[in-house]
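Scroll down for the structure; my scribbles are underneath it.
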Amino acid sequence: MAELVFFSGTMDCGKSTLALQMNHNHGARGRVGLIFTKMDRAGTNVLSSRLGLSTGALEVRDDLDFWDAIVDRATAGTRIDYLICDEAQFYTCDQVEQLARIVDEMDVDVFAFGITADFRTELFPGSKRLIELADRVQVLQVEALCWCGRRATTNARVMDGVMVVEGEQVVVGDTNPGSSGLVEYEVLCRRHYMRRMTSHAARAAAISPEVLPFDLDVCPVPPLPITQAD
């Protein structure tokens, strides 16, 4: 029986590396698959890992209909046993539902990989729908670490060295400076996310460059914006 499986976690926990490994393992057993990704840091039509591994992929755009794309290939005689879907947090809810339909009606395995929550600690729409529909949600066992050594649970957005908690949900990191400045991301534990204490801010506040502040009094808590649910 085919499955829709969502592999989730923070940045730096090995999602793309696992996607590449799974594609290799299934291909080595004679299975035929397609790789999809969206807004990979390395550019379009590529699935890349921070370890330096990469492979070609089909770029997912908002107007892509997964159901139509897979049915067209099957009708043309192309065998498809599984789909690797990286950066699935950026997929639309309709696209996630199309993936679920492919599993149920075409018996094709779908392995989706993505970040669960954004820099505001709010679920991405694609991730939310995957959690709701997936046969299995698997949190990756490779733990990303905060600068303090604790398990990282959140993805912080840093603009020109300053952590921000407001702005557009989707902004690709590691980009060149533009009108909005240099955008980077850093994984943090909940404690230091709530204090907006990135590694850069911690070093700046440290008594010496070699010591990071672990005293709560050294890390004042700035106010976080209050959001109201719809």
TODO: Flag yes if L99 and L64 sit in one hydrophobic cluster, no otherwise; membership is Ile, Leu, Val, Met, Phe, Trp, Tyr, and two members link when side-chain heavy atoms are under 4.5 Å apart.
DONE: yes
Open item on the list: Test of understanding: clusters of I, L, V, M, F, W, Y form through side-chain heavy atoms closer than 4.5 Å, transitively. Do L133 and L83 belong to the same one?
Closed with: yes
Open item on the list: Can you give me the closest heavy-atom contact between L145 and G149, atom names plus distance?
Closed with: CD2-O, 3.8 Å
Task: Verify same cluster id: I102, I35 (apolar side-chain graph, 4.5 Å) - done: no
Task: Beyond-backbone contact of V187 with T154, side-chain heavy atoms, under 4.5 angstrom - done: no
Task: Steps toward side-chain hydrogen bond (donor to acceptor under 3.5 Å, both in side chains) verdict (E87, Q89) - done: CA-CA 5 Å; E87 305 292 357; Q89 71 272 10; 2.9 Å; yes
- [ ] Quick one: list whatever passes salt bridge (Lys or Arg N to Asp or Glu O under 4.0 Å) with R79, sequence neighbours left out.
- [x] D81
Give every donor-acceptor pair under 3.5 Å between a side-chain atom in residues 67-76 and any protein atom, sequence neighbours left out.
| unit_1 | atom_1 | unit_2 | atom_2 | d |
| --- | --- | --- | --- | --- |
| R73 | NH1 | A69 | O | 3.3 |
| T75 | OG1 | V71 | O | 2.8 |

Open item on the list: Could you measure the distance from the OG1 atom of T44 to the CG atom of L58? Nearest 0.5 Å is fine.
Closed with: 11.5 Å
Task: Aromatic ring pairing F111/F7, orientation class (parallel under 30°, perpendicular over 60°, tilted between) - done: tilted
- [ ] May I have the step-by-step check of ring-ring contact (aromatic ring centres under 6.0 Å, His included) for F66 and F36, ending in yes or no?
- [x] CA-CA 10 Å; F66 278 106; F36 292 90; 5.0 Å; yes
Open item on the list: Once salt bridge (Lys or Arg N to Asp or Glu O under 4.0 Å) is applied, what residue pairs with a partner in residues 52-67 remain, sequence neighbours excluded?
Closed with: K38-D62
Open item on the list: Checking the side chain of E186 only, and the main-chain atoms of S199 only, is there a donor and an acceptor separated by less than 3.5 Å?
Closed with: yes
Open item on the list: Heavy-atom count check: over 12 atoms from other residues, nucleotides or ligands less than 6.0 Å from H26 NE2?
Closed with: yes
Task: Short side-chain donor-acceptor distance under 3.5 Å, Q21 and N25 - done: yes
Task: Any residue meeting side chain to side chain contact (heavy atoms under 4.5 Å, CB included) with A112, in chain and number order, not counting sequence neighbours - done: F6, C85, A88, L130
Open item on the list: Show the nearest heavy-atom pair for residues E122 and Q169, with the distance to one decimal.
Closed with: O-NE2, 4.4 Å
- [ ] Could you tell me the separation between the OG1 atom of T153 and the CZ atom of R191, rounded to the nearest 0.5 Å?
- [x] 13.0 Å
Open item on the list: Once salt bridge (Lys or Arg N to Asp or Glu O under 4.0 Å) is applied, do any residues pair with R136, and if so which ones, sequence neighbours excluded?
Closed with: E3
- [ ] Would you check if T92 and P125 make a side-chain contact, meaning some heavy-atom pair closer than 4.5 Å?
- [x] no
Task: Contacts of L123 that satisfy side chain to side chain contact (heavy atoms under 4.5 Å, CB included) - sequence neighbours left out - done: T116, K128, I131
Open item on the list: For N23, give me all partners under side chain to side chain donor-acceptor pair (under 3.5 Å), at least two apart in sequence or on another chain.
Closed with: Y82
Open item on the list: Less than 4.5 Å apart, side chain to side chain, heavy atoms only: is that true for T55 and L20?
Closed with: yes
Open item on the list: Measuring from atom SG of C148 to atom NE2 of H192, what distance do you get when rounded to the nearest 0.5 angstrom?
Closed with: 5.0 Å
Task: Listed partners of R120 passing side chain to side chain donor-acceptor pair (under 3.5 Å), at least two apart - done: D118
- [ ] Could you tell me whether a side-chain N or O of D86 sits under 3.5 Å from a main-chain N or O of T37, the two making a donor and an acceptor?
- [x] no
Open item on the list: The test is side-chain contact (heavy atoms from CB on, under 4.5 Å); show your working for L140 and L18 and say whether it passes.
Closed with: CA-CA 9 Å; L140 298 193; L18 178 59; 3.6 Å; yes
Task: Non-neighbouring partners of T17 that pass side chain to side chain donor-acceptor pair (under 3.5 Å), sequence neighbours left out - done: S49
Task: Check: R196 side chain, A156 main-chain N or O, donor-acceptor pair, under 3.5 Å - done: no
Task: Residue pairs, two or more places apart or on separate chains, that pass ring-ring contact (aromatic ring centres under 6.0 Å, His included) and touch residues 114-138 - done: F90-F124
Open item on the list: Give me each pair satisfying salt bridge (Lys or Arg N to Asp or Glu O under 4.0 Å) with a member in residues 100-112, each pair once, sequence neighbours excluded.
Closed with: R31-D109, R101-E105
TODO: Indicate if V183 and V158 have the same hydrophobic cluster label, given that clusters are the connected sets of ILVMFWY residues with side-chain heavy-atom separations under 4.5 angstrom.
DONE: no
Task: Nearest non-hydrogen partners of R150 and C189, listed with the distance - done: CB-CB, 4.0 Å
TODO: Kindly compute the distance separating CZ (R203) from CE (M197), expressed to the nearest 0.5 Å.
DONE: 12.0 Å
TODO: Could you tell me whether the side chain of N155 reaches within less than 4.5 Å of the side chain of Y193, counting heavy atoms only?
DONE: no
Task: Non-hydrogen atoms of V60 and Y91 that approach each other most closely - done: CG2-OH, 3.7 Å
Task: Joint cluster assignment, V110 & F113, ILVMFWY side-chain distance < 4.5 Å - done: no
Open item on the list: The criterion is side chain to side chain donor-acceptor pair (under 3.5 Å); which residues satisfy it with K15, sequence neighbours excluded?
Closed with: none
TODO: Before giving the answer on side-chain contact (heavy atoms from CB on, under 4.5 Å), spell out for V137 and S8 the whole-Å C-alpha distance, their side-chain angles and the decisive distance to 0.1 Å.
DONE: CA-CA 7 Å; V137 176; S8 68; 4.1 Å; yes
